[in-house]
Amino acid sequence: MKNEAPGINLTSPAQVREWCQQRDFHPNRTLGQNFLIDRNILDAIVDAAGVLPEMRVLEIGPGLGVVTAELLRRGASVVAIEKDHRLAAWLGESLGRDERLQLFEADALEVDLDTLLAAGFDAMVSNLPYSVGTRILLDVAMHALAPRVITVTVQLEVAERLAAQAGEDARGQAGVWLQRLYDVEIVRVIKPTCFWPKPEISSALVHLIRHDRNPLSPEESARYLELTRHAFMHRRKQLAAALRHAPAPLNQETAVIQEMLVACAADPRARAEELDVAQWCELVRLWPDRKEKV
């Protein structure tokens, strides 16, 4: 079945271009407006998310509605957030009669996530805008009410950082944060020609599934973010040296940090990217309380 809104096949490059020309609409690169125009990739996105009838799905940055229409076709209920006024108006015109669609014209970075996510979503499925995709993904995924399943397209370089394992060059702060909460998988690489306008770089389809293998208390969770943030700011340094100069009262003496690294089964000379998530969590649990003096 074609992916269609009234009067337009959203996976037809010619029809998408014609829609823009007729309305004098120029996709905004600053907003990351690269419309998905490939049917196979569309199917891959929704298939990877495991969308079933009656699922509640959050979509951020629906654009012309290519993913939205497919989610609705498969029987899901969709809450879509679109920042661009003209695209939001089009979505209301083309898909708004479907009672399973709730459309909000808003900037996802300014939405009250406590209120939004309190509605309860089974999944988030989005072709995220390049410009703010990582921030949106982290804001949603790290929220206490985050969906169990998140399936998104992002820049390939971003995807590689999110999925990188301990010891890999692409390992970074965002990946360490996400992997504490989710299993992260790159499903497939997406060529620039699958979008219009064609971006300059490749994208990737990333699938995240929530897990609870690394439980931390609220205080430990905050410390996890602080320690990893500071460590990756100084990733060329050994951890013991980098964290010795962390802001007080987080900082500790080098010898103390090295002892804790050994207790985590890590090399005392390790750098930030060399620890796996379990070792980071153990380090956080061992870290002396802020009120203690070492």
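For the numbers below, each heavy atom of this structure counts, side chains included, while hydrogens, waters and symmetry mates do not. We count residues from 1, following the sequence as given.
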Answer yes or no: is there a side-chain heavy-atom contact under 4.5 Å between W19 and L64?
yes
More than 12 heavy atoms of other groups within 6.0 Å of [X] [atom1]:
{"X": "D169", "atom1": "CG", "result": "no"}
{"X": "R148", "atom1": "CZ", "result": "no"}
{"X": "Q22", "atom1": "CD", "result": "yes"}
{"X": "R97", "atom1": "CZ", "result": "no"}

Residue among R229, H230, E273, R161 satisfying side-chain contact (heavy atoms from CB on, under 4.5 Å) with Q173:
R229
Please name all residues satisfying salt bridge (charged side-chain N to carboxylate O under 4.0 Å, His left out) with R210, sequence neighbours left out, ordered by chain then number.
none
Of all heavy-atom pairs between P62 and I81, which one has the smallest distance, and what is that distance?
CD-O, 3.1 Å
Minimal non-hydrogen separation, L181 against A141, with atom names
CD1-O, 3.8 Å
Under 3.5 Å side-chain donor-acceptor pair for [X] and [Y]:
{"X": "E59", "Y": "T68", "value": "yes"}
{"X": "Q165", "Y": "D276", "value": "no"}
{"X": "H207", "Y": "D183", "value": "no"}

Is a side-chain N or O of E82 found less than 3.5 angstrom from the main chain of A88, in a donor-acceptor match?
no
Quiz item: cation-pi between R180 and Y224, 6.0 Å / 45°
yes
Could you state the interatomic distance from CG (N127) to OG1 (T151), rounded to the nearest 0.5 Å?
12.5 Å
Answer yes when [X] and [Y] have at least one side-chain N-carboxylate O distance shorter than 4.0 Å, and no when they do not.
{"X": "E70", "Y": "R39", "result": "yes"}
{"X": "K83", "Y": "E105", "result": "no"}
{"X": "D122", "Y": "R56", "result": "no"}

Run the numbers on R171 and Q179 for side-chain hydrogen bond (donor to acceptor under 3.5 Å, both in side chains), then give the verdict.
CA-CA 11 Å; R171 183 77 158 175; Q179 290 174 31; 2.8 Å; yes
Connected hydrophobic set around Y130, excluding itself, where side chains approach under 4.5 Å
I201
Determine, stepwise, if the pair L36 / L42 fulfils side-chain contact (heavy atoms from CB on, under 4.5 Å).
CA-CA 8 Å; L36 179 66; L42 172 62; 4.1 Å; yes
List the steps and the verdict of salt bridge (Lys or Arg N to Asp or Glu O under 4.0 Å) for R86 and D84.
CA-CA 6 Å; R86 295 180 68 183; D84 188 288; 5.9 Å; no
Salt bridge (Lys or Arg N to Asp or Glu O under 4.0 Å), that's the test. Do R223 and E226 meet it? Break it down for me.
CA-CA 5 Å; R223 187 177 298 159; E226 292 172 0; 6.0 Å; no
side-chain contact (heavy atoms from CB on, under 4.5 Å) for M124 and V152? Distances and angles first, verdict last.
CA-CA 8 Å; M124 171 174 151; V152 295; 4.0 Å; yes
Those residues at least two apart in sequence (or on a different chain) that pass ring pair (Phe, Tyr, Trp, His ring centres under 6.0 Å) with W177 are none
